[in-house]
Amino acid sequence: MTAQSLDLKIETPKNGIYDYCGKIGNPCPAINSGSVPDTAMIYRLDNALESLASAGFVPPKIDLTMIAHEGFHVFGQSMLRTADHWPTIPALDQMPDRDLLIQRCYSGSSEIQGLVNKEITLLQEALHESLGANNLALIRSKISEFSKTRQTRYLKLAELSMSARPQPSCASAEAEMELIEGTADFVGLYTAQNLNAMSKQEIEKYLDLAIHSSNGPGELYYRFGAMALLIIRNSDPANFGAIIENIKNAKDAERTVIYNFLNWGMNSK
């Protein structure tokens, strides 16, 4: 089996609205900021598990990661109207347009694609080190190079509108999706790791398959966010809780996952 045979791009939402129900001939239930999209989540999970089965993973391992991932989404949406919600997690109908993000922020030119590939490779290398020898100096050097590469990419990207609502740049759209999907992916993978349901090698294999599962850049914001949080959690568990609090209490999405990851990577000793 090749990496390309695994397609993790399950469905593409239009303007942030998931339509998983059309495939079975039923009207899709309304999904908005006032409801928890249980039906959509069920169809999404079923479709994802079916696709992942072809990758050779033992189903219970993937069941666990996907249930934790989607459970985090349900939790996040259900908390939108409570005092303890994460202010930077939007309702599902207010998320950035995923197709547009991939097209403009990851695939705009061969140069942009090259920079994106370098970014994801640097995080894979840092994650590998955090799961093994955990040489913090080496991890910091990878993070520093990642930061420089991402800054170079953003300098080359024009200011873009990623959805109908005001959203000025790729940096904003990516930060929002790295928070929403990256954090959910982290929750799924760390749950499996913490319960010894997936080995460190299996986590790396899963991420590598996910990264290389489509022709050209796919939804890499899942992997950027998840790997950043996994690196911190594995390398510096004592400070992880405080970093999550910083992410949760951020005033805007651009000061959440990658922002705190870079601050940690540049300042950790």
Please report the closest heavy-atom contact between [X] and [Y], naming both atoms and the distance.
| X | Y | value |
| --- | --- | --- |
| Glu254 | Ser169 | OE2-OG, 4.3 Å |
| Ile139 | Ser235 | CD1-OG, 3.4 Å |
| Ala68 | Thr191 | CB-OG1, 3.9 Å |
| Ala126 | Ile231 | CB-CD1, 3.7 Å |
| Ile258 | Ala228 | CD1-CB, 3.9 Å |

Practice problem: Could you check Gln193 against Glu202 for side chain to side chain contact (heavy atoms under 4.5 Å, CB included), going step by step and ending with a plain yes or no? | Solution: CA-CA 9 Å; Gln193 177 186 334; Glu202 285 176 316; over 6 Å; no
Is there a side-chain contact between [X] and [Y] in this structure, where contact means two heavy atoms from C-beta onward sitting under 4.5 Å apart?
| X | Y | value |
| --- | --- | --- |
| Leu189 | Leu207 | yes |
| Ser147 | Ser144 | no |
| Asn246 | Asn263 | no |
| Cys105 | Arg153 | yes |
| Leu157 | Arg104 | no |
| His128 | Lys142 | no |
| Leu229 | Ile244 | yes |

Quiz item: Does a donor on one side chain and an acceptor on the other come within less than 3.5 Å for Asp236 and Trp264?
Solution: yes
Quiz item: Have Glu145 and Ser141 got a donor and an acceptor in their side chains that come within less than 3.5 Å?
Solution: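 No, because no side-chain N or O of Glu145 sits under 3.5 Å from a partner of the opposite role on Ser141.
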Exercise. With side chain to side chain contact (heavy atoms under 4.5 Å, CB included) as the test, would you mind laying out the steps for Met177 and Phe224 before giving the verdict?
Key: CA-CA 10 Å; Met177 296 307 291; Phe224 282 128; over 6 Å; no
As an exercise, state the distance from [atom1] of [X] to [atom2] of [Y], rounded to the nearest 0.5 Å.
| X | Y | atom1 | atom2 | answer |
| --- | --- | --- | --- | --- |
| Thr88 | Asp252 | OG1 | CG | 8.0 Å |
| Leu209 | Ile211 | CG | CD1 | 9.5 Å |
| Ile120 | Asn117 | CD1 | CG | 9.0 Å |
| Met198 | Tyr190 | CE | OH | 14.5 Å |
| Ile89 | Thr256 | CD1 | OG1 | 9.0 Å |
| Met227 | Glu125 | CE | CD | 10.5 Å |

Exercise. Go through the steps to decide whether Glu111 and Lys156 satisfy the test salt bridge (Lys or Arg N to Asp or Glu O under 4.0 Å), and finish with yes or no.
Key: CA-CA 9 Å; Glu111 183 179 23; Lys156 294 180 180 296; 3.2 Å; yes
Does any N or O in the side chain of [X] come within less than 3.5 Å of the main-chain N or O of [Y], such that one atom is a donor and the other an acceptor?
| X | Y | value |
| --- | --- | --- |
| Tyr106 | Tyr221 | yes |
| Thr149 | Leu115 | no |
| Asp208 | Glu204 | no |

Quiz item: Mind checking whether Val257 and Tyr259 sit in one hydrophobic cluster, side chains of I, L, V, M, F, W, Y counted as touching below 4.5 Å?
Solution: no
Quiz item: Shared ILVMFWY cluster between Leu262 and Leu138, side chains joined below 4.5 angstrom?
Solution: no
Quiz item: Among Arg150, Arg223, Arg255, which one satisfies salt bridge (charged side-chain N to carboxylate O under 4.0 Å, His left out) with Glu178?
Solution: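 Checked Arg150, Arg223, Arg255 against Glu178; only one passes salt bridge (charged side-chain N to carboxylate O under 4.0 Å, His left out): Arg150.
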Exercise. Starting from the C-alpha separation in whole Å, work towards a yes-or-no answer on side chain to side chain contact (heavy atoms under 4.5 Å, CB included) for Glu119 and Leu123.
Key: CA-CA 6 Å; Glu119 288 174 43; Leu123 284 199; over 6 Å; no
Exercise. Apply side chain to side chain contact (heavy atoms under 4.5 Å, CB included) to the pair Glu176 and Leu179, showing each step before the final yes or no.
Key: CA-CA 5 Å; Glu176 200 162 319; Leu179 171 66; 5.8 Å; no
Quiz item: Please walk me through it: do Phe186 and Phe261 pass ring pair (Phe, Tyr, Trp, His ring centres under 6.0 Å)?
Solution: CA-CA 13 Å; Phe186 162 78; Phe261 172 66; over 10 Å; no
